[in-house]
Every structure is written in structure tokens, then in C-alpha cells.
**Student:** 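First the structure, which I've put down as C-alpha cells, then a few questions once you've had a look.
As the structure lists them, so they are numbered: ligands from 1, and atoms in each ligand from 1. These numbers were taken from a predicted model, which means no experiment stands behind them. Numbers here are sequence positions counted from 1.
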Amino acid sequence: MTHMHVAGSLHADAVSVAPQWLVKPTDVNALDRNLWSDSTTRRESGELAIGGLSVNEIVAQTGSPVYVMDEVDFRGRALTWRRAFEGWHVYYASKSFLCATVARWIAEEGLSLDVSSMGELTVALRAGFDPARMALHGNNKSEAELRLALTSGVGRIVVDSSDEIGRLERLTAELGVRAQVLIRVTTGVEAHTHEYIATAHEDQKFGFSISSGSALVAMVRCYHSPQIDLVGIHSHIGSQIFDTNGFEVATRRTLKLLAQFREATGVALPELDLGGGFGIAYTSDDSPSTPYELAKGLSEIVAHECRAFGMDVPTLSIEPGRAICGPAGTAVYTVGTTKTVEVGGGYNRRYISVDGGMSDNIRPALYAAEYSAVLAGRSSTARPVLSRVVGLHCEGGDILVRDTFLPDDVRPGDLIAVPASGAYSRSMASNYNHTPRPPVVSVKDGKVSTLVRRETLDDLLALDAGIAEEDR
Ligand SMILES: *Cc1c(COP(=O)(O)O)cnc(C)c1O
């Protein structure tokens, strides 16, 4: 769920200083199994351990902060999605987190891959990912991106605008190749998620509108285009969605569009991609459906609607991103300072500043995303206090975990772990305040491997043309 905090804590009063959904834990050391990667445990010693290593051991090897990816958990989720959606194409949405090793894991677990930029496409190609199993997204694909996709044999291009169709017609003619395309459509579904991650209502930048008729026009144009093979349509209603209602409506409207196309041309298009956006648990308040529940629900809707339209069931695809990498990743930070602030009504809030922040996880600042945190390097017998985990950046909105209960005795040097940090953290990270980005490591069987190394100040200085090489 996306909890909105319009007024924020400035208006906190005696009743609402902690958000209603947040439950005070009876045991501040307990781990909510829904939030943590499978191998995460709290040892007898009190230390949090992931992949057979305590966070203290991990940080001794990697430094802090660090993103820790549980390899077995990641692969297990990928495989579970593929198995649950047997007979479907399951594309991993690489924008949630991609590096060469992750592209190989995805290939080994038998999934396909979504890419949406030159960078993602290049990483996947360099990792040796089969281009035929890739789909290229984007509302403003450059000519260079389209050229690379066409010459390397990317399996599906998800077309988003008339300009792009024109560009594809020109490039396929010039290169003497064909393009297999899906038309990205907007179904008019108002997904119950934050505005910035909702993508199927009418007033936003993605796709062709079904209701205005422009989707059907684009389909017919591609169908008649000599070097474009129109394979089907694509709908993505948004991200971090729990309510299957939205998927149901989108499925109905996209199938209806396929039926209309068949009426107009006599041709039944073979593919329907229903996108991603399946929600995960960031806090104990979130309860996502399992992949098996979703597969059953979506398959039933598709079968029902296809019967109603007298159509064969098309080949179906989904594109989970965060649901695979999100829960597999944990961010580990070190506490630098703590502060207790009066918020009115006789209530206090503990501010815990860590050695990262909005540069390594922009989601709370960008769309009020909620997270949870625990004291990770040790356990505590102190009472739980309402705490806010904040970063080191020069912004009041530099918040990592807006509301969580942490032990009263959290102090400088303690490690704090934030679960469900594998998606849209490193992939959206910035260098704000000239902060080098943390590394991503994988852990498995008591071993740490680097997926993406820590950025250094030298990496950043190397970009600054005003600093001579010998002065760096
Ligand atoms: C972002 C995106 C996804 C993945 O979203 P998640 O919330 O990570 O599952 C899938 N498909 C498209 C087209 C997207 O833009």
C-alpha cells in the first residue's frame, strides 16, 4: 500500500504521531518473515545473518553502506514466478535492478528480460543474454537504441508512439530487417498506487489510448507496414499494486481490443503482455498475493473473456520486477548520529542518521514509499521507540524509513538493515552531494561476491573536466 503523508509529522498530534497502520512490536528483535529474504535469520548472538553470514561479517568485507542480495532467494523467486505462470512468458523487468550477473541468473532460471534503455540493453547483451528473449520498452527510444535492438535481434519491441512507428519503418527498410512489435496501450485503469508509478490512466505519457481509438489505429498501421510484424499488445497498469481488480479490468479491455482488431482485419493477434507491477511487502502492513494466486486469477479472467469474445487464448506474458529482486535485497547502513525531537502533544520522535540516504534509495522521497528497519548488528532488550531513519544528505526529505519502531538504545556504530531494498534502490541511485554509490554484493553459503563494486571518489572526480588527471 502507498501511505500518503500530505501534512507529515509537523501536524502530528497525540493520536497520530505514529501512523495508524504501524503496530508497536512486542519483540523489537523479531523478523517479519514476509519482509525478509528467505535465508535471513537472527542468530543466537543477536546478529542478523543473510546467506550464512552475519551482517557484521558482511560489512567487515564490503564496508558500509551496502546492498546485500540473497542469491538463493532471488533465483527462487524467479523460478517460482516462472513455474506459477507455466505456459506464459515471464519477463524480468530489468529496470528494477540489473547487472551482468543478475542477467545470467535470469537466463539460468529460464526467464525472459525486459529492457528499457541503451544501458540496460547493453548490459544484457554483454552478459550474453539471448536477444530473442528480450523486449525493448520506452516512450522515447532513440534511433541508436532501435538500431541496436534491430541489428542484435531483440525479440519484441514495445511500440509507444506514432513517431516511433515512423522511425521503425525507416530503420527496418534501411537495415533490411523485420521488427516484431507489441503496441503499448493504456487501458484507462486507475491503479491504486502512487500517481508517479501509475501508468494506465489516460493523462500520462505512456502508450496509445484504447478509449480514444488511437490504439486500434496504431495497430492497423503496424499491421499494414511492410517490415513490421504486429504480434500483439501490451498493457502495464503501474507498480506496487495489490488490488487484482486493476489487472482484471486491464485484461478485459485489452482482450476486447484484440477482438476489435480481429473484426477490423480478420486477424487474431497471437500475444498479450499484461505487464508487471505486482506489489511486495515493504512493511508488516502489506500483504501481497502469491504468484500462484495471481496466475490462477489472471488465467481465469483471460479464459473467461476469451470465451465471451469467441477467441483462442493468446500467448500471455507478464513482467515482474520488484517481486523478484525486491525481497531478495537488504540495505545495510551504519548509524552515525541519533537525536530525539519533540513533535508536540508530549510525543517524541527518534531520528537515526545513517551513512546513506536518498542517494541510495530515492523511493521514500520520490513517492512516499514506506520501508521498515531493524537493528541488525546485535539484538537489544531496550523498549521500542518510534523512530525515523534518515540519510546524510542536505534535504529535510532525505528519509529512508519514515516510521518504524527501533530499540531505545540504538547508538552510533550500530548496523541498521532495511528489508525489501533489492528493487529500485541501486537502479535509481544518484550521486547527490557527490556521494559515491554503494556496492551490491550477493551472499550465498557464507560467501560474499561482488555484483557491482562500490563507486569511489576517484570515479566521480574522473568525470570532472575541471580537475586535471594529476590532481585527482
Ligand atoms: C516498471 C515496469 C515493470 C515492472 O514493474 P514492477 O513494479 O517492478 O513489477 C514491468 N513492465 C513495465 C512496462 C514497466 O514499466
**Student:** Are F74 and Y92 an aromatic pair by the rule of ring centers under 6.0 Å?
**Tutor:**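 That pair passes the under 6.0 Å test.
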**Student:** Can you work out which protein residues put a heavy atom within less than 4.0 Å of ligand 1?
**Tutor:**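 The 4.0 Å shell around ligand 1 contains A93, K95, D114, H137, R184, H234, H236, S239, G276, G277, F278, E319, P320, G321, R322, Y424.
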**Student:** List the residues meeting salt bridge (charged side-chain N to carboxylate O under 4.0 Å, His left out) with E145, not counting sequence neighbours, and say none if there are none.
**Tutor:**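 Residues passing salt bridge (charged side-chain N to carboxylate O under 4.0 Å, His left out) with E145: none at all.
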**Student:** Would R77 and D73 pass as an ion pair if we require N to O under 4.0 Å?
**Tutor:**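 D73 and R77: salt-bridged.
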**Student:** Once side-chain contact (heavy atoms from CB on, under 4.5 Å) is applied, do any residues pair with P314, and if so which ones, sequence neighbours excluded?
**Tutor:**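 Checked P314 against side-chain contact (heavy atoms from CB on, under 4.5 Å); matches are L255, L258, L272, C306, L316.
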**Student:** Any salt bridge (charged side-chain N to carboxylate O under 4.0 Å, His left out) involving residues 215-239? Give me the pairs, sequence neighbours left out, ordered by first then second residue.
**Tutor:**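 Sorted pair list: E169-R221, R178-D229.
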**Student:** So H393 and Y432, would you call those rings parallel, tilted or perpendicular, with 30° and 60° as cut-offs?
**Tutor:**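 H393 and Y432: parallel rings.
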